[in-house]
Amino acid sequence: MAAAQVRGFQGGAAGTVSPQDSHAPDSDLVDFPVDAVLAGPKHFAGYGAVDGGRDYEDVDLSDDALHNIYYPPFRAAIDAGAGNVMAAYMDLNGVPAAANRHLLTDVLRGELGFNGFVVSDANGVNNLSTQRLVPNAEVGAARALTAGLDMEMANGPAAYEHLQSALKTGCVDEAALDTAVRRVLAAKFRLGLFERPYADVAASIAVLDTPAHRDAAREAAEKTLVLLENDGTLPLAAQGSAAVRRIAVLGDLAESKRDMLGPWTFDKDVEESVSILDGIRARAGADVTVEYVRALATAERSQPSMFDHMDAGLLPATPEGFDADVEMDRATGVAATSEVAIVIVGQNQNMIGEKSSASTLDLPGRQAELLRRVIATGTPTVVLVMSGRPLDLRPADGAAAILQVWYPGTRGGQAVAAALFGDVSPAGRLPFTWPQHVGQVPVYYAHRTTFDPEGADTRYWNEASGAPRYVFGHGLSYATFQYGDACVPARMAVGESATVSVDVTNTSDVDADEVVQLYIHQRYGLSTRPVRELKGFRRVHVPAGRTVTVELPLGPEQLRYWSSVTREWVQDETVIDIAVGGSSAVPFTAQIEVTA
């Protein structure tokens with residue numbers, strides 16, 4: 001590093017600024033607001049495609065998959081202003097991501113246009129020795145820095161401590177070191193850390209304690225809830241001719257405030273959370289009897305979570321005096337004498353997230369047994385699923401309703417209760433395809449057509465159908481919607497943009513949101529394309545009996561793709577089929593001819 005100066009950059013031109021200057025070295029970079037934080041998407045790239053779905057394992061991905069599936073979300077984050085990117089842990093096509101120059105420099109900076117700084121995951125540079133890429137930490141540091149990794153995150157001795165000696169031996173070029181330092185300092189300038197290096201603790205407490213933030217947490221949770229099934233039992237306030245007076249709430253997750261927050265939440269006030277049980281009781285009111293039975297011992301991991309020793313608020317697996325068989329019988333009895341049974345199943349927060357891979361999608365412990373026994377009583381059973389991954393819900397067959405609640409946060413109990421009683425209409429939509437069971441994985445809606453498209457759901461000889469349980473984009477509502485014909489131009493030229501518009505009518509007496517989804521299918525081109533691809537969506541509020549017109553853009557950004565034929569981005573002269581509706585199951589009803 002040259003003396004006490006930082007070599008600035010502006011569109012590639014060299015300059016100098018003093019570390020005491022109050023402006024970012026790169027005038028092309030806009031300063032962040034005073035109260036901003038740096039957004040950093042991770043893990044770049046392909047981390048979710050590890051072998052066997054096991055954290056930290058190898059990833060072998062085609063260029064087609066990387067460019068068309070895994071890179072675009074990072075491009076979107078970068079375009080939205082992300083200031084740093086975290087490199088992944090794992091090997092990507094034979095080279096660990098933290099030392100992969102093609103990934104971190106050619107793709108991230110060259111193709112995606114990123115100009116912030118890249119940071120490793122925890123111990124990612126030291127791990128290069130463990131992964132047998134380099135003989136020692138010094139070589140690993142040099143390899144990572146040269147690849148484009150600007151900052152190391154380490155839980156112990158840092159590999160980048162060896163950069164000084166690597167510089168002396170010529171393993172690291174001074175210009176490369178200057179570039180990495182410049183990128184990190186640029187981010188600090190943009191954040192104003194040289195003027196305000198420390199957090200204002202008092203101000204942060206006041207901000208966190210703002211009632212508006214609690215309201216925002218509740219509203220955010222309400223908008224994520226996905227109604228998977230409903231025979232009319234929900235909302236409870238509308239069931240039959242009279243309000244429900246006796247409700248059974250069953251399952252250990254119903255009272256867990258900690259699990260509402262999900263994984264990777266360490267500095268927290270568990271008592272700030274509203275549990276599902278508390279939310280239901282508060283919303284039901286004094287005139288409704290809500291009887292709770294824990295019913296289940298909390299299932300435990302075969303491989304203990306590495307985070308549990310840092311956690312607080314975890315439910316005891318078995319409370320003192322807990323008898324699982326007695327509790328199961330009591331839960332079944334309470335359900336049988338109630339008007340509605342609400343059963344909360346899913347995975348505790350330490351069964352999801354980092355180092356929480358699972359070999360099956362089975363419901364943990366005795367949850368499947370509880371579901372089957374409660375449904376068998378004949379009492380309308382509402383199943384609430386708390387999870388971050390799709391689970392095998394065959395034990396819930398016969399349930400009156402199924403609501404996916406995820407890990408809904410500090411006000412999740414209020415949000416779930418609002419949905420159950422009809423104060424809000426669920427309008428979340430599934431961001432993945434939900435399989436029937438683990439044998440279908442991986443399963444996704446944007447697959448290629450194959451040479452036998454009609455037999456796509458008959459591939460397993462031992463299954464009546466290989467179709468997923470719920471399609472991508474699925475989600476029900478308390479309202480009903482009718483879609484008009486999609487309006488599209490008959491033709492458009494390569495490089496041009498068009499607008500797809502559709503009228504959406506709320507044909508019910510319930511004000512509600514609808515998520516309008518635009519799918520396309522390219523019939524032919526340089527490469528085969530998926531049977532359908534989501535190219536736009538919009539969540540709109542449609543009052544009862546009203547019609548709204550929704551417009552969605554369709555242009556080169558949506559129609560181009562990376563082709564293995566030319567090894568570049570292309571847009572074909574072709575025919576594009578258009579489908580607009582409430583899920584990926586909506587049929588194609590229009591087409592656009594794309595001409596030269």
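Heavy atoms only: backbone and side chains are in, while hydrogens, waters and symmetry mates are out.
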Report the relative orientation of the aromatic rings in His521 and Phe588; use parallel for angles under 30°, tilted for 30 to 60°, perpendicular for over 60°. tilted

Would you find a donor on one side and an acceptor on the other, under 3.5 Å apart, between the side chain of Thr507 and the backbone of Thr480? yes

d(Gln517 CD, Arg532 CZ) to nearest 0.5 Å is 10.0 Å

Give a yes or no on whether a salt bridge exists between Glu219 and Lys223, defined as a side-chain N under 4.0 angstrom from a carboxylate O. no

Check: Thr379 main-chain N/O paired with Thr381 side-chain donor or acceptor under 3.5 Å: yes

For the student: nearest non-hydrogen atoms of Ser564 and Asp64, plus distance: OG-CB, 3.8 Å

Verify the neighbour count for atom CG of Asp457: are there more than 12 heavy atoms of other residues, nucleotides or ligands below 6.0 Å? yes

Validation row: Val249, Ile344 side chains within 4.5 angstrom (heavy atoms): yes

Any Thr360 side-chain heavy atom under 4.5 Å of Asp392 side chain: no

Is the closest basic N to carboxylate O distance between Lys535 and Glu557 below 4.0 Å? no

Among Ile592, Asp577, Leu554, which one satisfies side chain to side chain contact (heavy atoms under 4.5 Å, CB included) with Ile520? Leu554

His474 side chain to Ser583 backbone, donor-acceptor under 3.5 Å: no

Gap separating the CG atom of Leu393 from the CD atom of Gln436, nearest 0.5 angstrom: 9.0 Å

Does any donor atom in the side chain of Ser563 or Ser527 lie under 3.5 Å from an acceptor atom in the other side chain? yes

Other residues, nucleotides and ligands only: do more than 12 of their heavy atoms fall within 6.0 Å of CD on Gln482? no

Return yes if some donor-acceptor pair links the side-chain N/O of Tyr478 with the main-chain N/O of Ala419 below 3.5 Å, else return no. yes

Phe44 and Tyr70: aromatic ring centres closer than 6.0 Å? no

Basic-acidic side-chain contact under 4.0 Å: Glu272, Lys257: no

Just checking, is any N or O donor in the side chain of Gln404 or Ser387 under 3.5 Å from an acceptor N or O on the other one? yes

Donor-acceptor contact below 3.5 Å, side chain Glu533 vs main chain Ala446: no

Given side chains that start at C-beta, do those of Gln367 and Asp362 come closer than 4.5 Å, heavy atoms only? no

Checking Glu463 side chain against Ser465 main chain: does a donor-acceptor pair fall under 3.5 Å? no

Pair Gln414, Arg214: side-chain N/O donor-acceptor within cut-off below 3.5 Å: no

Does a side-chain heavy-atom distance below 4.5 Å link Val345 with Leu253? no

Stepwise salt bridge (Lys or Arg N to Asp or Glu O under 4.0 Å) check, Arg469 with Asp397: CA-CA 11 Å; Arg469 186 177 183 101; Asp397 290 347; 3.0 Å; yes

Below 4.0 angstrom, N of the basic side chain to O of the carboxylate: do Glu496 and Arg491 qualify? no

Does a sphere of radius 6.0 Å around CZ in Phe481 hold more than 12 heavy atoms from other residues, nucleotides or ligands, not counting ones at 6.0 Å or beyond? yes

Within the structure provided, determine whether Ser497 and Pro553 are in side-chain contact (heavy-atom separation under 4.5 Å). no

For the residue pair Gln440 and Tyr460, establish whether any side-chain heavy-atom pair is separated by less than 4.5 Å. yes

In a check of ring pair (Phe, Tyr, Trp, His ring centres under 6.0 Å) between Tyr445 and each of Tyr470, Trp434, Phe472, which one passes? Phe472

Any side-chain to backbone donor/acceptor pair from Thr210 onto Leu208? Under 3.5 Å, distance only. no

Around Arg523, counting heavy atoms of other residues, nucleotides and ligands shown, do more than 12 lie under 6.0 Å from its CZ? yes

Got Leu559 and Met492 here, is their nearest side-chain heavy-atom distance under 4.5 Å? yes

Any donor-acceptor pair under 3.5 Å from Asn506 side chain to Val542 backbone: yes

Could you check whether any side-chain N or O of Asp278 sits under 3.5 Å from a backbone N or O of Ala282, counting only pairs where one atom can act as donor and the other as acceptor? no

Is the cationic atom of Arg529 (NZ for Lys, CZ for Arg) positioned less than 6.0 Å from the six-membered ring centroid of Tyr561 and within 45 degrees of its normal? yes

List the atom of Gln349, the atom of Asp259, and the distance in Å for their closest heavy-atom pair. N-OD1, 2.7 Å

Distance-only side-chain donor-acceptor flag, Arg459 / Thr450, under 3.5 Å: yes

Keeping Trp406 on the side-chain end and Thr224 on the backbone end, is there a donor-acceptor pair under 3.5 Å? yes

